[in-house]
Amino acid sequence: MAAPIRPDATEAARLLRAGKLVAIPTETVYGLGANALDEEAVASIFTAKNRPSFDPLIIHQHSADRILPYAAEVPEDARKLAKAFWPGPLTLVLPKQAVVPDLVSAGLPTVALRVPDHPVARAVLELVDFPVAAPSANPFGYVSPTTAQHVGDQLGEEVDFILDGGPCRVGLESTIVGFADGVTTVLRKGGLPLEDIEGLLGKSVAVRTHSSSSPEAPGMLSQHYSPGNEIILLDSLNDLPRLTGDEAVICNGPVLPGRIDKRVEVFNLSPTGDLAEAAARLFATLRAVGSFERVFAVLVPENGLGRAINDRLRRAAA
Ligand code: TXA
Ligand code: MG
(Lines give C-alpha, C1' and ligand atoms only; values in the text may rest on other atoms or scores of the structure.)
(Ligands and ions follow the chains in the order given, each with its own letter.)
Protein backbone atom coordinates (compact mmCIF):
# COMPACT_ATOMS: atom_id res chain seq x y z
CA MET A 1 0.00 0.00 0.00
CA ALA A 2 1.31 3.44 -0.87
CA ALA A 3 2.31 5.51 2.14
CA PRO A 4 0.09 8.47 3.07
CA ILE A 5 1.51 11.91 2.20
CA ARG A 6 0.48 14.46 4.85
CA PRO A 7 1.95 17.45 6.70
CA ASP A 8 1.38 15.77 10.10
CA ALA A 9 4.52 16.01 12.27
CA THR A 10 2.81 14.40 15.29
CA GLU A 11 1.95 11.28 13.30
CA ALA A 12 5.48 11.20 11.84
CA ALA A 13 6.96 11.35 15.35
CA ARG A 14 4.64 8.59 16.57
CA LEU A 15 5.71 6.30 13.74
CA LEU A 16 9.42 7.07 14.24
CA ARG A 17 9.05 6.14 17.95
CA ALA A 18 7.49 2.87 16.82
CA GLY A 19 10.58 2.06 14.73
CA LYS A 20 8.93 2.87 11.39
CA LEU A 21 10.35 4.46 8.26
CA VAL A 22 9.24 8.03 7.65
CA ALA A 23 10.22 10.31 4.78
CA ILE A 24 10.92 13.79 6.15
CA PRO A 25 11.27 17.09 4.34
CA THR A 26 14.39 19.20 4.88
CA GLU A 27 15.56 22.43 3.26
CA THR A 28 18.04 20.42 1.13
CA VAL A 29 16.26 17.25 -0.03
CA TYR A 30 13.77 14.78 1.46
CA GLY A 31 15.30 12.22 3.84
CA LEU A 32 14.34 8.63 4.54
CA GLY A 33 14.22 8.75 8.32
CA ALA A 34 14.34 6.23 11.15
CA ASN A 35 15.35 6.17 14.81
CA ALA A 36 19.17 6.26 14.60
CA LEU A 37 19.54 4.41 17.92
CA ASP A 38 17.32 1.51 16.82
CA GLU A 39 19.45 -0.85 14.70
CA GLU A 40 16.48 -2.65 13.25
CA ALA A 41 14.86 0.59 12.13
CA VAL A 42 18.17 1.73 10.62
CA ALA A 43 18.56 -1.58 8.81
CA SER A 44 15.19 -1.03 7.17
CA ILE A 45 16.51 2.21 5.61
CA PHE A 46 19.12 0.23 3.70
CA THR A 47 16.54 -2.30 2.55
CA ALA A 48 14.16 0.42 1.34
CA LYS A 49 16.90 2.30 -0.50
CA ASN A 50 18.53 -0.80 -1.89
CA ARG A 51 21.67 0.84 -0.59
CA PRO A 52 24.98 -0.98 -0.07
CA SER A 53 25.33 -1.19 3.67
CA PHE A 54 28.86 0.25 3.65
CA ASP A 55 27.37 3.68 3.16
CA PRO A 56 27.20 5.67 6.42
CA LEU A 57 24.18 7.83 7.33
CA ILE A 58 23.72 11.38 8.59
CA ILE A 59 21.91 11.74 11.92
CA HIS A 60 19.62 14.74 12.48
CA GLN A 61 18.26 16.58 15.51
CA HIS A 62 16.50 19.80 16.34
CA SER A 63 19.44 21.83 17.66
CA ALA A 64 23.21 21.79 18.08
CA ASP A 65 22.66 21.12 21.80
CA ARG A 66 20.73 17.98 20.96
CA ILE A 67 23.04 16.61 18.23
CA LEU A 68 26.61 17.52 19.27
CA PRO A 69 26.55 15.15 22.30
CA TYR A 70 26.67 12.25 19.82
CA ALA A 71 30.19 13.40 18.91
CA ALA A 72 33.00 12.26 21.19
CA GLU A 73 35.01 15.36 20.34
CA VAL A 74 34.18 18.70 18.73
CA PRO A 75 37.14 20.64 17.30
CA GLU A 76 37.10 24.44 17.40
CA ASP A 77 36.35 24.82 13.65
CA ALA A 78 33.41 22.43 13.95
CA ARG A 79 32.02 24.40 16.86
CA LYS A 80 32.30 27.66 14.92
CA LEU A 81 30.63 26.18 11.84
CA ALA A 82 27.79 24.68 13.89
CA LYS A 83 27.19 27.98 15.63
CA ALA A 84 27.14 29.96 12.39
CA PHE A 85 25.34 27.62 10.02
CA TRP A 86 22.98 25.38 12.03
CA PRO A 87 20.16 24.99 11.44
CA GLY A 88 21.21 24.76 7.79
CA PRO A 89 22.62 22.77 4.85
CA LEU A 90 25.81 21.72 6.66
CA THR A 91 26.84 18.26 7.91
CA LEU A 92 29.76 17.79 10.30
CA VAL A 93 31.67 14.50 10.43
CA LEU A 94 33.07 14.00 13.94
CA PRO A 95 34.41 11.15 16.11
CA LYS A 96 31.36 9.24 17.30
CA GLN A 97 30.10 8.26 20.72
CA ALA A 98 29.66 4.53 21.34
CA VAL A 99 25.88 4.91 21.63
CA VAL A 100 25.68 5.53 17.85
CA PRO A 101 25.25 2.08 16.24
CA ASP A 102 28.00 0.88 13.90
CA LEU A 103 25.33 0.36 11.28
CA VAL A 104 24.77 4.14 11.19
CA SER A 105 28.46 4.92 10.70
CA ALA A 106 29.10 1.85 8.52
CA GLY A 107 31.81 0.84 10.96
CA LEU A 108 33.66 4.17 10.72
CA PRO A 109 34.86 5.76 13.97
CA THR A 110 33.07 8.95 12.95
CA VAL A 111 29.44 10.03 12.60
CA ALA A 112 27.83 12.67 10.38
CA LEU A 113 25.64 15.23 12.21
CA ARG A 114 23.16 17.80 10.92
CA VAL A 115 20.50 20.23 12.15
CA PRO A 116 18.14 20.85 9.22
CA ASP A 117 16.56 24.24 8.62
CA HIS A 118 12.99 23.33 7.78
CA PRO A 119 10.00 24.09 10.03
CA VAL A 120 8.34 20.70 9.48
CA ALA A 121 11.59 18.77 10.00
CA ARG A 122 12.26 20.77 13.14
CA ALA A 123 8.75 20.11 14.42
CA VAL A 124 9.12 16.34 14.14
CA LEU A 125 12.69 16.33 15.50
CA GLU A 126 11.62 18.33 18.52
CA LEU A 127 9.00 15.67 19.30
CA VAL A 128 11.42 12.73 19.44
CA ASP A 129 14.16 12.13 22.00
CA PHE A 130 16.53 10.33 19.64
CA PRO A 131 18.42 11.44 16.53
CA VAL A 132 16.89 10.55 13.18
CA ALA A 133 19.15 8.80 10.67
CA ALA A 134 18.20 9.86 7.17
CA PRO A 135 19.84 9.42 3.79
CA SER A 136 18.29 11.18 0.83
CA ALA A 137 14.94 9.44 0.15
CA ASN A 138 15.77 8.03 -3.29
CA PRO A 139 16.58 4.49 -4.35
CA PHE A 140 20.37 4.01 -4.44
CA GLY A 141 21.94 5.70 -7.46
CA TYR A 142 18.97 7.93 -8.29
CA VAL A 143 18.52 11.69 -8.08
CA SER A 144 17.53 12.97 -4.62
CA PRO A 145 13.85 13.92 -4.12
CA THR A 146 12.91 17.56 -3.62
CA THR A 147 9.14 17.08 -3.23
CA ALA A 148 6.98 14.67 -1.22
CA GLN A 149 5.57 13.35 -4.49
CA HIS A 150 9.08 12.42 -5.76
CA VAL A 151 9.39 10.22 -2.67
CA GLY A 152 5.91 8.78 -3.18
CA ASP A 153 6.70 7.95 -6.82
CA GLN A 154 9.87 6.02 -6.03
CA LEU A 155 9.56 4.74 -2.47
CA GLY A 156 5.83 5.01 -1.72
CA GLU A 157 5.55 1.26 -1.18
CA GLU A 158 8.70 1.12 0.93
CA VAL A 159 8.02 3.75 3.60
CA ASP A 160 5.33 3.95 6.25
CA PHE A 161 4.61 7.66 5.99
CA ILE A 162 5.68 10.66 3.92
CA LEU A 163 5.72 13.89 5.87
CA ASP A 164 4.85 16.64 3.41
CA GLY A 165 6.80 19.85 3.84
CA GLY A 166 6.42 21.23 0.33
CA PRO A 167 9.22 21.64 -2.21
CA CYS A 168 12.74 21.86 -0.77
CA ARG A 169 14.06 25.40 -0.63
CA VAL A 170 17.77 24.66 -1.25
CA GLY A 171 17.41 21.59 -3.46
CA LEU A 172 20.99 20.31 -3.13
CA GLU A 173 22.21 17.98 -0.37
CA SER A 174 24.11 19.47 2.55
CA THR A 175 27.79 20.40 2.36
CA ILE A 176 29.76 17.81 4.35
CA VAL A 177 32.81 18.88 6.35
CA GLY A 178 35.23 16.56 8.15
CA PHE A 179 38.11 17.28 10.53
CA ALA A 180 40.34 14.19 10.24
CA ASP A 181 43.99 14.74 11.23
CA GLY A 182 43.12 18.24 12.36
CA VAL A 183 42.49 19.41 8.79
CA THR A 184 39.10 21.01 8.08
CA THR A 185 38.05 19.40 4.80
CA VAL A 186 34.98 19.61 2.57
CA LEU A 187 33.97 16.01 1.75
CA ARG A 188 30.90 16.88 -0.35
CA LYS A 189 30.05 20.16 -2.04
CA GLY A 190 26.48 21.09 -1.27
CA GLY A 191 23.93 23.66 -0.21
CA LEU A 192 26.35 25.71 1.92
CA PRO A 193 28.87 27.42 -0.38
CA LEU A 194 32.60 26.91 0.21
CA GLU A 195 33.01 30.69 0.28
CA ASP A 196 30.72 30.93 3.33
CA ILE A 197 32.79 28.33 5.20
CA GLU A 198 36.10 29.94 4.33
CA GLY A 199 34.73 33.40 5.10
CA LEU A 200 33.64 32.34 8.57
CA LEU A 201 36.84 30.46 9.44
CA GLY A 202 39.04 33.14 7.88
CA LYS A 203 41.18 30.60 6.01
CA SER A 204 40.98 28.35 2.99
CA VAL A 205 39.86 24.80 3.64
CA ALA A 206 40.76 21.57 1.86
CA VAL A 207 38.28 20.04 -0.60
CA ARG A 208 38.49 16.30 -1.05
CA THR A 209 35.41 14.81 -2.68
CA HIS A 210 36.06 11.22 -3.70
CA SER A 211 34.47 9.15 -6.39
CA SER A 212 36.35 5.87 -6.13
CA SER A 213 34.68 2.61 -5.09
CA SER A 214 35.50 2.88 -1.41
CA PRO A 215 35.35 6.64 -0.89
CA GLU A 216 35.19 8.40 2.40
CA ALA A 217 31.77 9.76 1.40
CA PRO A 218 30.45 6.88 -0.69
CA GLY A 219 27.39 8.87 -1.76
CA MET A 220 29.90 10.64 -3.91
CA LEU A 221 30.25 7.83 -6.42
CA SER A 222 30.25 9.34 -9.85
CA GLN A 223 27.04 8.40 -11.64
CA HIS A 224 25.28 8.78 -8.31
CA TYR A 225 22.88 11.24 -9.86
CA SER A 226 22.46 9.53 -13.19
CA PRO A 227 18.90 9.62 -14.53
CA GLY A 228 19.82 6.87 -17.01
CA ASN A 229 20.04 8.69 -20.35
CA GLU A 230 22.91 10.37 -22.16
CA ILE A 231 23.84 13.71 -20.61
CA ILE A 232 26.41 15.82 -22.43
CA LEU A 233 28.06 18.73 -20.65
CA LEU A 234 28.78 22.02 -22.38
CA ASP A 235 30.71 25.05 -21.20
CA SER A 236 28.38 27.38 -23.03
CA LEU A 237 25.27 27.46 -25.19
CA ASN A 238 27.62 28.38 -28.06
CA ASP A 239 28.89 24.79 -27.97
CA LEU A 240 25.46 23.30 -28.80
CA PRO A 241 25.77 21.02 -31.83
CA ARG A 242 23.08 20.80 -34.52
CA LEU A 243 20.05 19.27 -32.81
CA THR A 244 17.49 16.83 -34.15
CA GLY A 245 14.57 17.95 -31.99
CA ASP A 246 14.37 14.90 -29.78
CA GLU A 247 16.64 16.46 -27.24
CA ALA A 248 16.54 18.57 -24.12
CA VAL A 249 18.79 21.41 -23.08
CA ILE A 250 19.43 22.35 -19.46
CA CYS A 251 20.72 25.89 -19.10
CA ASN A 252 20.83 28.75 -16.64
CA GLY A 253 20.37 32.45 -17.30
CA PRO A 254 18.86 34.61 -20.04
CA VAL A 255 18.49 32.96 -23.44
CA LEU A 256 17.88 35.19 -26.46
CA PRO A 257 14.72 34.32 -28.41
CA GLY A 258 15.51 32.00 -31.32
CA ARG A 259 18.85 31.08 -29.73
CA ILE A 260 17.87 27.39 -29.40
CA ASP A 261 16.07 25.31 -32.04
CA LYS A 262 12.32 25.52 -31.37
CA ARG A 263 11.86 21.77 -31.57
CA VAL A 264 14.21 21.26 -28.64
CA GLU A 265 12.83 21.29 -25.10
CA VAL A 266 14.59 23.91 -22.99
CA PHE A 267 14.82 23.58 -19.20
CA ASN A 268 16.10 26.88 -17.87
CA LEU A 269 17.12 26.38 -14.24
CA SER A 270 16.87 30.11 -13.62
CA PRO A 271 16.01 32.55 -16.41
CA THR A 272 17.72 35.32 -14.46
CA GLY A 273 20.80 33.19 -13.74
CA ASP A 274 20.17 33.07 -10.00
CA LEU A 275 22.22 30.16 -8.63
CA ALA A 276 19.97 29.59 -5.59
CA GLU A 277 16.94 29.25 -7.86
CA ALA A 278 18.93 27.00 -10.20
CA ALA A 279 19.97 24.75 -7.30
CA ALA A 280 16.41 24.47 -6.05
CA ARG A 281 15.22 23.31 -9.47
CA LEU A 282 18.15 21.08 -10.45
CA PHE A 283 16.97 17.66 -9.25
CA ALA A 284 13.37 18.10 -10.43
CA THR A 285 14.85 19.06 -13.81
CA LEU A 286 17.13 16.00 -13.92
CA ARG A 287 13.99 13.91 -13.31
CA ALA A 288 12.07 15.75 -16.00
CA VAL A 289 14.73 15.20 -18.68
CA GLY A 290 14.78 11.46 -17.95
CA SER A 291 12.44 10.83 -20.89
CA PHE A 292 14.81 12.39 -23.45
CA GLU A 293 17.42 10.24 -25.09
CA ARG A 294 19.99 13.03 -25.29
CA VAL A 295 20.34 15.94 -22.93
CA PHE A 296 22.76 18.84 -23.24
CA ALA A 297 23.55 20.53 -19.94
CA VAL A 298 25.40 23.83 -19.80
CA LEU A 299 27.64 24.16 -16.75
CA VAL A 300 27.03 27.16 -14.49
CA PRO A 301 29.65 29.58 -13.10
CA GLU A 302 31.99 27.72 -10.74
CA ASN A 303 31.36 29.81 -7.62
CA GLY A 304 29.00 29.75 -4.64
CA LEU A 305 26.25 27.18 -5.13
CA GLY A 306 27.52 26.79 -8.70
CA ARG A 307 30.26 24.45 -7.45
CA ALA A 308 27.71 21.95 -6.12
CA ILE A 309 25.40 22.36 -9.13
CA ASN A 310 28.29 21.57 -11.52
CA ASP A 311 29.36 18.69 -9.30
CA ARG A 312 25.89 17.09 -9.61
CA LEU A 313 25.73 17.78 -13.36
CA ARG A 314 29.14 16.11 -13.83
CA ARG A 315 28.04 13.08 -11.84
CA ALA A 316 24.78 12.88 -13.83
CA ALA A 317 26.85 12.94 -17.04
CA ALA A 318 29.39 10.36 -15.82
O1 TXA B 1 21.17 17.23 2.76
C2 TXA B 1 21.47 16.11 3.18
O3 TXA B 1 22.59 15.87 3.64
C4 TXA B 1 20.40 15.00 3.07
C5 TXA B 1 19.27 15.35 4.04
C6 TXA B 1 18.22 14.30 4.10
O7 TXA B 1 19.81 15.60 5.32
N8 TXA B 1 20.97 13.73 3.37
C9 TXA B 1 21.83 13.10 2.55
O10 TXA B 1 22.18 11.82 2.97
O11 TXA B 1 22.23 13.57 1.50
P12 TXA B 1 22.90 10.77 2.05
O13 TXA B 1 22.95 9.55 2.89
O14 TXA B 1 22.25 10.68 0.76
O15 TXA B 1 24.36 11.32 1.92
C16 TXA B 1 25.16 11.35 3.06
C17 TXA B 1 26.61 11.38 2.70
C18 TXA B 1 27.05 10.10 2.04
O19 TXA B 1 27.87 10.43 0.94
C20 TXA B 1 27.85 9.42 3.13
O21 TXA B 1 28.85 8.58 2.63
C22 TXA B 1 28.42 10.62 3.88
O23 TXA B 1 27.34 11.50 3.90
N24 TXA B 1 28.77 10.27 5.25
C25 TXA B 1 27.95 9.89 6.23
N26 TXA B 1 28.63 9.59 7.34
C27 TXA B 1 29.93 9.79 7.07
C28 TXA B 1 31.12 9.65 7.80
N29 TXA B 1 31.14 9.21 9.07
N30 TXA B 1 32.30 9.95 7.18
C31 TXA B 1 32.30 10.40 5.90
N32 TXA B 1 31.20 10.53 5.15
C33 TXA B 1 30.03 10.24 5.72
MG1 MG C 1 22.00 10.49 -1.24
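Values reported hereafter were calculated over all heavy atoms of this structure, with side chains retained and with hydrogens, waters and symmetry mates removed. Note that ligands are numbered from 1 as they come in the structure, with each ligand's atoms numbered from 1 the same way.
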Q: For residues Thr28 and Arg114, is any side-chain donor paired with an opposing acceptor at under 3.5 Å?
A: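 Result is yes, a qualifying pair exists.
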Q: For ligand 1, which atoms, with element, lie under 4.0 Å from some heavy atom of Asp55?
A: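 In order of numbering, the contacting atoms are 20 (C), 21 (O).
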Q: Does any N or O atom in Lys49 lie less than 3.5 angstrom from one in ligand 1, N or O only?
A: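 No, there is no polar N/O contact under 3.5 Å.
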Q: Using heavy atoms and a 4.0 Å limit, tell me yes or no: is His60 in contact with ligand 1?
A: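 Distance cut 4.0 Å: His60 passes for ligand 1.
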Q: Side chains of Asn229 and Glu293: any donor to acceptor distance under 3.5 Å?
A: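 Short answer, no.
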Q: May I ask you to list the atoms of ligand 1 that are less than 4.0 angstrom from any heavy atom of Ser174?
A: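 In order of number, 1 (O), 2 (C), 3 (O).
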Q: Could you go through Glu173 and Ser144, starting from their C-alpha distance and side-chain angles, then the distance that decides it, and tell me whether this counts as side chain to side chain donor-acceptor pair (under 3.5 Å)?
A: CA-CA 8 Å; Glu173 299 88 344; Ser144 298; 2.5 Å; yes
Q: Identify whether the distance between the nearest side-chain nitrogen and carboxylate oxygen of Arg294 and Glu247 falls below 4.0 Å.
A: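 So Arg294 pairs with Glu247 through a salt bridge.
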Q: Distance alone, cut at 3.5 Å: any donor-acceptor contact between the side chains of Asn238 and Arg259?
A: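 Yes, Arg259 and Asn238 have a side-chain donor paired with an acceptor closer than 3.5 Å.
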Q: Within ligand 1, which atoms have a heavy atom of Ile58 less than 4.0 Å away?
A: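 Reading through ligand 1 atom by atom, the close ones are 3 (O), 8 (N), 9 (C), 10 (O), 16 (C).
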Q: Which of the numbered atoms in ligand 1 are under 4.0 angstrom from any heavy atom belonging to Ile176?
A: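 The atoms of ligand 1 under 4.0 Å from a heavy atom of Ile176 are 17 (C), 22 (C), 23 (O).
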Q: Above 12 or not: heavy atoms from other molecules or residues under 6.0 Å from NZ of Lys80?
A: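 Above 12, so yes.
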Q: Which ligand 1 atoms does Thr110 reach within 4.0 Å, using its non-hydrogen atoms?
A: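 By the 4.0 Å cutoff, the relevant atoms are 28 (C), 29 (N), 30 (N).
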Q: Under a 4.0 Å N-O cut-off, is there an ion pair linking Lys49 with Glu158?
A: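 Between Glu158 and Lys49 there is no salt bridge, as every charged N stays at least 4.0 Å from the carboxylate O atoms.
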Q: Within ligand 1, which atoms have a heavy atom of Pro135 less than 4.0 Å away?
A: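 Heavy-atom distances to Pro135 below 4.0 Å select 10 (O), 12 (P), 13 (O).
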Q: Taking everything shown except Glu40 itself, do over 12 heavy atoms lie less than 6.0 Å from its CD?
A: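 Counting other residues, nucleotides and ligands, CD of Glu40 stays at 12 neighbours or fewer.
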Q: Under a 4.0 angstrom heavy-atom cut-off, which atoms of ligand 1 come close to Leu108?
A: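 Matching atoms, with element in brackets: 28 (C), 29 (N), 30 (N).
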Q: Under 4.0 Å from a heavy atom of Gly31: which atoms of ligand 1 are those, numbered in the order shown and with their elements?
A: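 Those of ligand 1 that fall under 4.0 Å from Gly31 are 6 (C).
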Q: Relative to ligand 1, is Thr28 under 4.0 angstrom through side chain, backbone, both or neither, heavy atoms considered?
A: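 The answer is the side chain of Thr28.
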Q: Any nitrogen or oxygen of Glu173, main chain or side chain, under 3.5 Å from a nitrogen or oxygen of ligand 1?
A: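 Not met; the criterion fails.
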Q: Is the Mg ion (ligand 2) less than 2.8 Å from at least one N/O/S atom of Ser136?
A: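 Short answer: yes, at least one N, O or S atom is under the cut-off.
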Q: Just distances here: any N/O of Arg188 and N/O of ligand 1 closer than 3.5 Å?
A: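 Yes, Arg188 has an N/O under 3.5 Å of an N/O on ligand 1.
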Q: Crowded around Glu195 CD? As in, over 12 foreign heavy atoms under 6.0 Å?
A: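 Yes, the 6.0 Å shell around CD holds more than 12 heavy atoms from other groups.
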Q: Mind checking whether Ile24 contacts ligand 1 via backbone (N, CA, C, O), side chain (CB onward), both or neither, at a 4.0 Å heavy-atom cut-off?
A: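 Looking at Ile24 and ligand 1, no heavy atom falls under 4.0 Å.
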Q: Look at the side chain of Arg188 and the backbone N and O of Ser174, then say whether any donor-acceptor pair between them is shorter than 3.5 Å.
A: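 Such a contact is found between Arg188 side chain and Ser174 backbone.
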Q: Which of the listed options, Gly191, Gly33, Ser136, Pro25, holds the heavy atom that is closest to atom 12 (P) of ligand 1?
A: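 Result: the heavy atom closest to atom 12 (P) of ligand 1 is in Ser136.
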